[in-house]
Protein chains: 2
Amino acid sequence: MRERSVTHSAATPGREITFQALADPTRRAVLDLLRRGSQPAGQIASAFPVSRPAISKHLRLLRRAHLVREHREGRHRVYQLNPEPLRAVDSWIEQYRVFWASSLNNLKAFVEAEHAREREAARKQRKKS
Amino acid sequence: MRERSVTHSAATPGREITFQALADPTRRAVLDLLRRGSQPAGQIASAFPVSRPAISKHLRLLRRAHLVREHREGRHRVYQLNPEPLRAVDSWIEQYRVFWASSLNNLKAFVEAEHAREREAARKQRKKS
DNA sequence: ATTTAATGTAACCGTATAGTTACGCATTAT
DNA sequence: ATAATGCGTAACTATACGGTTACATTAAAT
C-alpha cells in the first residue's frame, strides 16, 4: 500500500485560496476590522498606513477568496465580512487540535522513539545481510 | 474613542510567520504527513512530486515557523511535527467562530442594514446644511 | 453642465517564492 | 581508503506579491 498520497487534506479546492488570502497581516486586519461591521472601501483604507490602492488590491484578493462580499451603495462600495470560507481553515486546524488538547504530544514523542528504535533495528538487520 | 486602530489581533508576533508558512499547500501537506509520525527528510520528499531540494526549502520555512523540529539520527534528519504554533492560528479563527456558530450572521446583516439607514440619514442631513 | 468624491485598474518596481540543477559535506557501507 | 547515501545550500529563473503613482469611471453635489 505504500502510502502513495496520504490523505493530503491540505489541498482542498477553496482552502488553497483562503489560506493564501490569510497569509498577509494587512488582509487579516481588514477582516478583523470588518468583524465590527461593514464599511465602504475608503473607510477601510483610512484605517491602514498603506495607500488606498494597496487596500483595494487586498480587497480584490479577499473577494476572490469569498472572505468578503461587496455591494454598491451610491458611490460607495460597502464591504461585508463573509466568514464562511474560514470554516475550511478551521476544519483543517481541527485535525491538529487533538495534539495540544491532551498529553498526546508526549505520547507522540514516545511513539516516535519507538519508531526510531525500529529503524535502528532495521538498520542493524540490513547490516547483517 | 473613535476606534483608531481597532484591536488588530492579526499582527501578533509569531502568528505572522505561522500564517505565512501555512500559505503553501505543499507545506500544509508536509504537516499532514508528519501528523502520522516523524520521518526523515528524504522520506518526506519522496511523498511529493517536486524535487528533494524543494522540500528541503519548505522544511526550512517550517523550521523557521517552529512548526517542525529536526534532530539528526545518524545521517538522517528526522522531522517531527510541532503543532504548538497552530494554537495562535486557532485562537485567531476562534474570534470568527461565533459568526457561523449561530444565526449571528443574520443578526449582523440586520445591524448592517441599520447602519446603512443611518448613513443614508446622515447623507440627507448633510444635504440640508 | 461642471466639479468633487469614492473606487477600481494599469503600469511599474523591488523583493520574496517555488522550483530546478549542480555542488558540498557528513555519515555509513564496502 | 573509497564509494555511496542523505541532506542542505548556492546559483539561477520565472512568477507572484505588496506597494506606489497616474489614470479612468461612476455617482453625488453645486
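Order of the sequence lines fixes the chain letters, A, B, ..., with proteins taken first and strands second; residue numbering starts at 1 for each chain.
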Item to check | Atom-to-atom span, CG of A/Leu61 to P of D/dG18 - whole angstrom | outcome: 6 Å
Checklist entry - With nearest nucleotides of DNA chain C determined for B/Asp24 and A/Arg52 from heavy-atom distances, which residue corresponds to the more 5′ nucleotide? => result A/Arg52
Checklist entry - Is the shortest side-chain N/O distance from B/Arg27 to OP1 or OP2 of C/dA18 below 4.0 Å? => result yes
Next on the checklist: Quick check on DNA chain D: between A/Arg64 and B/Arg77, whose nearest nucleotide comes earlier from the 5' end?
Outcome noted: B/Arg77
Next on the checklist: With a 3.5 Å cut-off and heavy atoms only, can you find an N or O donor on one side and an acceptor on the other between the side chain of B/Lys57 and the base of D/dG8?
Outcome noted: no
Checklist entry - Which part of the nucleic acid, if any, lies within contact of A/Ala54, taking any heavy atom under 4.0 Å across all strands shown: a base, the sugar-phosphate backbone alone, or nothing? => result base
Checklist entry - Between A/Ser51 and D/dT20, is there a side-chain N or O to OP1/OP2 distance below 4.0 Å? => result yes
Item to check | Distance, rounded to the nearest Å, where A/Leu22 contributes CG and D/dG18 contributes C1' | outcome: 17 Å
Checklist entry - For A/Gln20 and D/dC17, is the shortest distance between a side-chain N/O and OP1 or OP2 below 4.0 Å? => result yes
Item to check | Face-on cation placement of A/Arg28 at B/Phe19 ring, 6.0 Å and 45° thresholds | outcome: yes
Item to check | D/dT26 phosphate, OP1 or OP2, under 4.0 Å from A/His76 side-chain N/O | outcome: no
Next on the checklist: So if I take every side-chain heavy atom of A/His58 and compare against C/dT9, D/dG8, D/dG19, which nucleotide ends up nearest?
Outcome noted: D/dG19
Next on the checklist: In whole Å, I'd like the distance from the CZ atom of A/Arg60 to the P atom of D/dG19.
Outcome noted: 14 Å
Next on the checklist: I want to check one thing: is the phosphate of D/dG6, taken as OP1 and OP2, less than 4.0 Å away from some side-chain N or O of B/Tyr79?
Outcome noted: no
